[in-house]
Structures are given as structure tokens and as C-alpha cells.
Novice: 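Dropping the structure in here first, questions after.
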Amino acid sequence: MSTNFGKITVVAKDGMTNLIRSIAAEKHEAGQPFYVLDLATIERLMDKWNHSFPNVKPFYAVKCNTEAALVTKLANLGANFDCASIHEIDTVLSLGISPNQIIFANPCKSISHIKHAAAVGVNLTTFDSKLEVDKIKKWHPKCHLLLRIKAPSASGSLRPMGKKFGVLPEEIEPLLHYACNVAGLKVVGVSFHVGSIAQDPTIYRQAIANARAVFDIAHYLGIPKMQILDIGGGFRSTPLFEEIASVVNEAVQDFFPDPNLKIIAEPGRFFPETAFTLVTHVIGKRVRGEKIEYWIDEGVYGSFRPTLYNSCFVGIKPISMKESCEIRESTIYGPSCDCLDKVAEDIKLPELQLDDLIVFYNMGAYSKCVGTKFNGFDMLTTPTYLVTTNST
Ligand SMILES: *Cc1c(COP(=O)(O)O)cnc(C)c1O
């Protein structure tokens with residue numbers, strides 16, 4: 001991991017820009033972008049989570065951002081973890097986190113990954129097919145299972161899960177019967193994921209109602225009482241979050257009056273999105289009439305991959321070395337030779353020069369972790385500097 005553990009700079013909220021300037025001046029020339037992670041933001045988000053969801057344990061979905069300092073901070077704040085592969089499991093375990101705190105929330109796992117989970121003691125996973133039951137029975141029969149059901153609506157989130165995951169309503173009874181009564185495995189609950197960036201809080205209510213139906217089917221099949229409801233991810237730290245939380249809390253009361261039910265969630269984007277700031281350099285420039293085009297040292301084969309779908313969430317702040325600059329219509333390209341590698345188009349920016357900084361906010365979700373080495377630009381090892389902002 002590339003995190004500078006040990007050194008956390010404390011900075012006033014309005015001192016970020018100066019800090020960024022000084023890191024850039026001392027350590028990073030053009031061609032070397034870097035991240036700043038504000039650990040105080042993670043603390044504030046955990047407070048927000050606990051306040052809105054006092055009875056829902058978050059299992060942070062580490063695929064969203066695997067930065068060690070982030071995962072460690074979340075563990076210290078009481079989070080558990082959602083992993084999908086051997087590598088993610090090992091990353092979390094290597095930070096001293098217990099296997100009991102991990103859910104292997106990938107409904108289709110290769111045998112080697114199932115064996116690894118058994119070997120290291122990760123004993124909770126999800127499934128949505130008969131073959132998965134067979135594999136788990138053979139390689140990890142003590143594992144507890146959650147049945148992954150399909151989330152209700154395709155339009156309730158910006159990136160729905162589509163056909164890939166979740167059983168259909170008519171598959172529930174035969175699959176539960178097979179897993180519990182034929183294979184003899186322990187199905188202890190139900191999970192769903194409404195899709196990333198949920199837009200419509202009522203899809204959580206529908207999904208929770210559907211989960212209730214599964215609990216009832218299990219009861220009818222004579223399966224030991226299920227205990228876990230896993231409401232998945234899809235959350236962002238926006239005002240909609242509180243609305244979703246109250247819809248979920250109310251639906252749980254309505255459909256699951258049992259006080260012994262254990263409710264968990266798998267938030268990904270919620271925690272890192274607003275805590276990470278990406279700092280890039282202007283590495284090239286072309287003036288064409290009224291418009292200016294810039295090249296920077298990060299692009300869509302690196303942290304900007306998600307901006308291909310939802311660039312609207314990212315905040316852009318230029319930091320120029322010159323004082324007053326004229327505002328110009330601007331386009332920003334990434335460094336590779338692919339014409340798709342464009343970060344922003346027709347935005348208003350003060351005119352920038354070679355080596356000036358362009359800072360991007362809200363860059364913590366599905367950013368560095370989806371980077372590549374395409375064209376020889378290594379977008380996987382961008383370093384992260386840790387800060388704690390205090391707002392007083
Ligand atoms: C990706 C993923 C998550 C996290 O999703 P967000 O939309 O980032 O909250 C949670 N659970 C599962 C199973 C996932 O695949």
C-alpha cells in the first residue's frame with residue numbers, strides 16, 4: 001500500500017489549498033498526481049451513519065476504495081467489511097481485522113476463493129444459484145449463507161445490478177429447499193443490492209418486503225429461523241441518505257417486528273466518496289480560438305473511469321500560480337493516446353499554465369481501484385497523503 005502511515009497532517013478546513021500546494025511543491029512534479037484523504041470526513045460520515053441507522057451494522061464494501069488508511073480508520077470506527085475475492089479478504093485481514101468481521105458478499109465465487117475463505121475463517125457468504133450451493137457444500141460446508149434476491153426496480157438507481165445477481169421469485173422456494181434440506185447448509189438470512197447510487201428510497205422498502213417473503217418461505221419449509229437481513233449498498237452522503245434511512249427503518253419495523261433480527265448493510269461509495277481529493281498537474285495546453293484544451297496527468301484509464309458515467313458528482317478547482325486569470329471555455333484530457341480519454345468538456349476555468357494544479361473533489365469512490373497501466377501510465381500506485389481537517 002502506498003499510504004504514508006504514521007504521518008497525519010492536521011489542517012484547518014480552509015487550509016487544504018495551502019497544504020496541497022506545499023505537497024505538490026515538495027514532492028510531486030508534473031506527471032505525478034496524488035490523493036489527499038481527510039480522515040475527519042470519515043469520522044463525520046460514521047457519525048452520520050450511526051445517527052441515521054442506529055440498528056444497521058455497516059460492512060464497508062472494500063472494492064469501492066481499498067486504501068489501507070481508509071479501511072483501518074473504518075475498522076477503528078466499528079465497521080465490518082464486505083469482500084468479494086481472496087485478495088480483498090487478505091487485504092482486510094492483513095490490517096489486523098478479524099475474519100468474523102468479513103462477509104464474502106460475492107454470490108458466485110470460484111472454488112479457490114471458497115477454499116481460501118474456509119482456510120482463513122470467513123464464514124458468511126451470499127449465493128443465488130444451485131451450483132454455488134454444491135461448491136460451498138463441498139469446500140466450505142460450515143459457511144453461513146445469505147440468499148441474494150433481486151432488487152425490485154431497474155430505474156431506482158443510477159447503476160442497477162441488472163440480470164447478473166439475485167434469484168427470481170419463483171426460484172426462491174426450490175433453492176432454499178435444496179440448500180437447507182438437501183445440501184444441509186445453513187441459510188441464515190437474505191441480502192439484496194438495489195444498485196449503486198440509489199435515487200428512489202421506496203426501492204429499499206420493496207426489497208425489504210421481498211426479503212420478508214423469503215423469511216416466510218423459509219419458515220414454511222421448516223428451515224431454522226433466519227436472523228440476518230442484509231440491505232446492501234447504494235448510499236451516498238447526500239440529503240437523500242436520511243430519507244432512505246427513514247424509509248428503511250420504517251420498513252424494517254413494518255415487515256420485521258422481531259427484535260432479534262440482525263440488520264447489516266454493505267455501503268461502498270458512502271464512506272470514501274467525499275473524503276478523497278485528487279490533485280493533478282497541467283502537463284500540456286493548446287489554445288484554439290476562444291477555447292483552451294489541457295492535458296493532465298490522470299485520466300479515464302485511471303481514477304476518472306467512473307466519470308465516463310457520472311462526472312456530475314466531481315468538483316473541480318484549479319490552483320494557478322498566477323494571480324488573476326481570464327475565465328475561458330476549457331476541455332481537460334487525460335494523458336493517454338485514446339481520444340476517449342477526456343476528463344471534462346466545455347467547462348469554465350481560469351486560464352492555466354504548465355505545471356498548475358487542477359484539484360478534483362469527491363474522488364474517493366471507484367477511482368484509483370479501477371485504474372490501469374494502459375499506455376504505460378501507471379494509474380494504480382498514485383500515493384495518498386493523510387490529513388485531518390478541523391473545522392474550528
Ligand atoms: C459494490 C457492492 C456494494 C457497494 O455498493 P455501493 O453502491 O458503492 O454502496 C455492496 N454490496 C455488493 C454485493 C456490491 O457488489
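One-based numbering, in listed order, for ligands and for the atoms of each.
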Novice: Check for me whether Gly234 has a heavy atom closer than 4.0 Å to any atom of ligand 1.
Specialist: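 Yes, Gly234 has heavy atoms under 4.0 Å from ligand 1.
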Novice: Which donor-acceptor pairs under 3.5 Å do side chains of residues 130-140 form with protein atoms, sequence neighbours excluded?
Specialist:
unit_1 : atom_1 : unit_2 : atom_2 : d
Glu132 : OE1    : Lys135 : NZ     : 2.8
Glu132 : OE2    : Lys109 : N      : 3.0
Glu132 : OE2    : Lys109 : NZ     : 3.0
Asp134 : OD1    : Tyr178 : OH     : 2.6
Lys135 : NZ     : Lys109 : O      : 2.6
Lys137 : NZ     : Ala183 : O      : 3.1
His140 : NE2    : Val122 : O      : 2.8
His140 : NE2    : Asn123 : OD1    : 3.3

Novice: Test of understanding: given a 4.0 Å heavy-atom threshold, classify the contact between Phe165 and ligand 1 as side chain, backbone, both, or neither.
Specialist: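 None of Phe165 does.
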Novice: Determine whether the side chain, the backbone, both or neither of Glu266 has a heavy atom under 4.0 Å from any heavy atom of ligand 1.
Specialist: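 It is both backbone and side chain that touch ligand 1.
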Novice: What part of Glu273, side chain from CB on, backbone N/CA/C/O, both or neither, has a heavy atom under 4.0 Å from ligand 1?
Specialist: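 Glu273 to ligand 1: no contact under 4.0 Å from either part.
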Novice: Could you tell me, atom by atom, which parts of ligand 1 come under 4.0 Å of a heavy atom of Arg148?
Specialist: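 Numbered from 1, ligand 1 contributes 13 (C).
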Novice: Between Arg236 and Phe313, is NZ or CZ placed under 6.0 angstrom from the six-membered ring centre and within 45° of the ring axis?
Specialist: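 Arg236 over Phe313 ring: yes.
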Novice: Is Asp82 close to ligand 1, meaning an N/O of one under 3.5 Å from an N/O of the other?
Specialist: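 Looking only at distances, the answer is yes, because the N/O contact criterion of under 3.5 Å is met.
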Novice: Backbone N or O of Gly166 within a donor-acceptor pair of the Asp128 side chain at under 3.5 Å?
Specialist: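 A pair under 3.5 Å: yes.
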Novice: Give the residue, atom name and distance (to 0.1 Å) of the protein heavy atom nearest atom 5 (O) of ligand 1.
Specialist: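 For atom 5 (O) of ligand 1, the nearest protein heavy atom is His193 NE2, 2.9 Å.
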Novice: Just let me know how Ser196 lines up against ligand 1, side chain, backbone, both or neither, with a heavy-atom cut-off below 4.0 Å.
Specialist: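 Both backbone and side chain.
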Novice: Just which atoms of ligand 1 are under 4.0 Å from any heavy atom in Ala105?
Specialist: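 The list of qualifying atoms is 13 (C).
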Novice: Listing request: all side-chain hydrogen bond (donor to acceptor under 3.5 Å, both in side chains) pairs with a residue in residues 160-175, at least two apart in sequence or in separate chains.
Specialist: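 Every pair satisfying side-chain hydrogen bond (donor to acceptor under 3.5 Å, both in side chains) with a residue in residues 160-175: there are none.
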Novice: Looking only at protein heavy atoms, which one is nearest to atom 15 (O) of ligand 1, and how far off is it?
Specialist: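 The answer is Lys63 NZ, 2.8 Å.
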Novice: Considering both backbone and side-chain atoms of Gly233, is one of its nitrogen or oxygen atoms within less than 3.5 Å of a nitrogen or oxygen in ligand 1?
Specialist: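 No, there is no polar N/O contact under 3.5 Å.
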Novice: Where do Asp338 and Ser336 land on the side-chain hydrogen bond (donor to acceptor under 3.5 Å, both in side chains) test, with the steps shown first?
Specialist: CA-CA 6 Å; Asp338 182 353; Ser336 78; 5.5 Å; no
Novice: Using a 4.0 Å cut-off to any heavy atom of Arg269, which atoms of ligand 1 qualify?
Specialist: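 It comes down to these atoms of ligand 1: 6 (P), 8 (O), 9 (O).
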Novice: Show which atoms of ligand 1 fall inside a sub-4.0 Å distance from at least one heavy-atom site of Tyr366.
Specialist: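 Those of ligand 1 that fall under 4.0 Å from Tyr366 are 1 (C), 4 (C), 5 (O), 6 (P), 8 (O).
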Novice: Heavy-atom pairs closer than 4.0 Å: do any link ligand 1 to the side chain of Thr126, the backbone, both, or neither?
Specialist: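 The answer is neither.
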Novice: For ligand 1 and Ala61, I'd like to know whether there is a polar contact (N/O to N/O, distance under 3.5 Å).
Specialist: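 No, no N or O pair falls under 3.5 Å.
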Novice: Are Arg205 and Asp254 within salt-bridge range, i.e. N to O under 4.0 Å?
Specialist: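 A salt bridge is present here (some side-chain N lies under 4.0 Å from a carboxylate O).
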Novice: Honestly, is Arg269 close enough over Tyr366, meaning NZ or CZ under 6.0 Å from the six-membered ring centre and within 45° of the axis?
Specialist: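 Negative - Arg269 is either too far from the ring of Tyr366 or too far off its axis.
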Novice: Using modelled atom types only, decide if a donor and an acceptor are shared between the side chain of His113 and the backbone of Ile86 within a distance under 3.5 Å.
Specialist: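 Checked: pair present.
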Novice: Charged N to carboxylate O under 4.0 angstrom, Glu329 versus Lys348?
Specialist: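 Yes.
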Novice: Looking at the rings of Phe241 and Phe270, which for Trp means the six-membered one, are their centres under 6.0 Å apart?
Specialist: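 For Phe241 and Phe270, the ring centres are under 6.0 Å apart.
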Novice: Taking a cutoff of less than 4.0 Å between a non-hydrogen atom of the residue and any ligand atom, is Cys64 in contact with ligand 1?
Specialist: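 No heavy atom of Cys64 comes that close to ligand 1.
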